[in-house]
Amino acid sequence: MAIAKQFLKTKPVCKVTFTVPAEEAKKVAVVGDFNNWNPKGSTLKKLKNGTFKGTFDLPKENSYEFKYIVDGAFVNDAEADRYQWNDYAGSENAVLEL
């Protein structure tokens with residue numbers, strides 16, 4: 001898994017690209033604070049090499065809790081900026097710092 005950040009000089013946003021290697025998976029989405037944990041509209045596109053990839057514009061100077069949904073199972077990103085306990089989920093969420 002990988003997260004690439006591209007900060008824009010002309011706008012207060014950061015282009016964040018999420019990449020998830022999941023050759024066997026049928027569907028991968030990224031959910032978090034930035035989309036109210038709703039997978040609709042945040043599905044990653046499956047590439048020919050079996051990885052899923054998607055880029056989203058997120059407001060910078062914020063931090064966001066997030067997880068991936070891989071075929072219905074919640075998965076944290078191993079390369080997240082940090083992890084934070086979430087009482088509602090009863091588990092740790094990955095955190096993205098922008």
Can you name the closest pair of heavy atoms from P21 and T51 and give their distance?
CA-CG2, 3.4 Å
Student check: side-chain heavy atoms of K27 and P39 closer than 4.5 Å:
no
Just checking, is any N or O donor in the side chain of N86 or E92 under 3.5 Å from an acceptor N or O on the other one?
no
Mind checking whether F34 and I3 sit in one hydrophobic cluster, side chains of I, L, V, M, F, W, Y counted as touching below 4.5 Å?
yes
Residue pair V16 / T55, side-chain heavy-atom distance below 4.5 Å:
no
Roughly how far, to the nearest 0.5 Å, is the CG atom of L96 from the CD atom of E79?
12.5 Å
Q84 and N93: side chain to side chain contact (heavy atoms under 4.5 Å, CB included), yes or no, with the steps?
CA-CA 5 Å; Q84 182 169 312; N93 288 334; 5.6 Å; no
How long is the gap from OG1 on T19 to NZ on K53, to the nearest 0.5 Å?
4.5 Å
Any sub-3.5 Å donor-acceptor pair from N38's side-chain atoms to N35's backbone N or O?
no
Show the numbers, then the answer: is there a side chain to side chain contact (heavy atoms under 4.5 Å, CB included) between V28 and T43?
CA-CA 6 Å; V28 176; T43 303; over 6 Å; no
K67 versus F74, closest heavy-atom pair with distance
CD-CB, 3.9 Å
When clusters are formed by joining ILVMFWY residues with side-chain heavy atoms under 4.5 Å apart, either directly or through shared neighbours, do W37 and L98 land in the same one?
no
As a quick check of understanding, evaluate side chain to side chain contact (heavy atoms under 4.5 Å, CB included) for S63 and R82, giving each step before the final call.
CA-CA 10 Å; S63 63; R82 63 185 173 88; 4.1 Å; yes
D71/K26 ion pair, N-O < 4.0 Å
no
For the residue pair T17 and F56, establish whether any side-chain heavy-atom pair is separated by less than 4.5 Å.
no
Just wondering, do P12 and F7 contact through their side chains at under 4.5 Å, heavy atoms?
no
Could you measure the distance from the SG atom of C14 to the CG atom of N62? Nearest 0.5 Å is fine.
11.0 Å
Taken in chain and number order and not counting sequence neighbours, the residues that satisfy side-chain hydrogen bond (donor to acceptor under 3.5 Å, both in side chains) with N76 are none
Using every non-hydrogen atom in the two residues, find where K5 and E97 come nearest and quote the distance to one decimal.
NZ-O, 2.8 Å
Ring pair (Phe, Tyr, Trp, His ring centres under 6.0 Å) involving F66 - partner list, sequence neighbours excluded
F18, Y68
Taking all heavy atoms of K46 and all of E23, pick out the closest pair and write down the distance.
NZ-O, 3.0 Å
Can you confirm whether M1 sits close enough to V75 that some side-chain heavy atom of one is under 4.5 Å from a side-chain heavy atom of the other?
yes
Could you report the tightest heavy-atom contact between S42 and V30, atom names first, then the distance?
OG-O, 2.7 Å
Between A25 and F52, which heavy-atom pair has the shortest distance, and what is it?
O-CZ, 3.6 Å
Under a single-linkage rule joining Ile, Leu, Val, Met, Phe, Trp and Tyr whose side-chain heavy atoms are separated by less than 4.5 Å, which residues share a cluster with Y88?
none
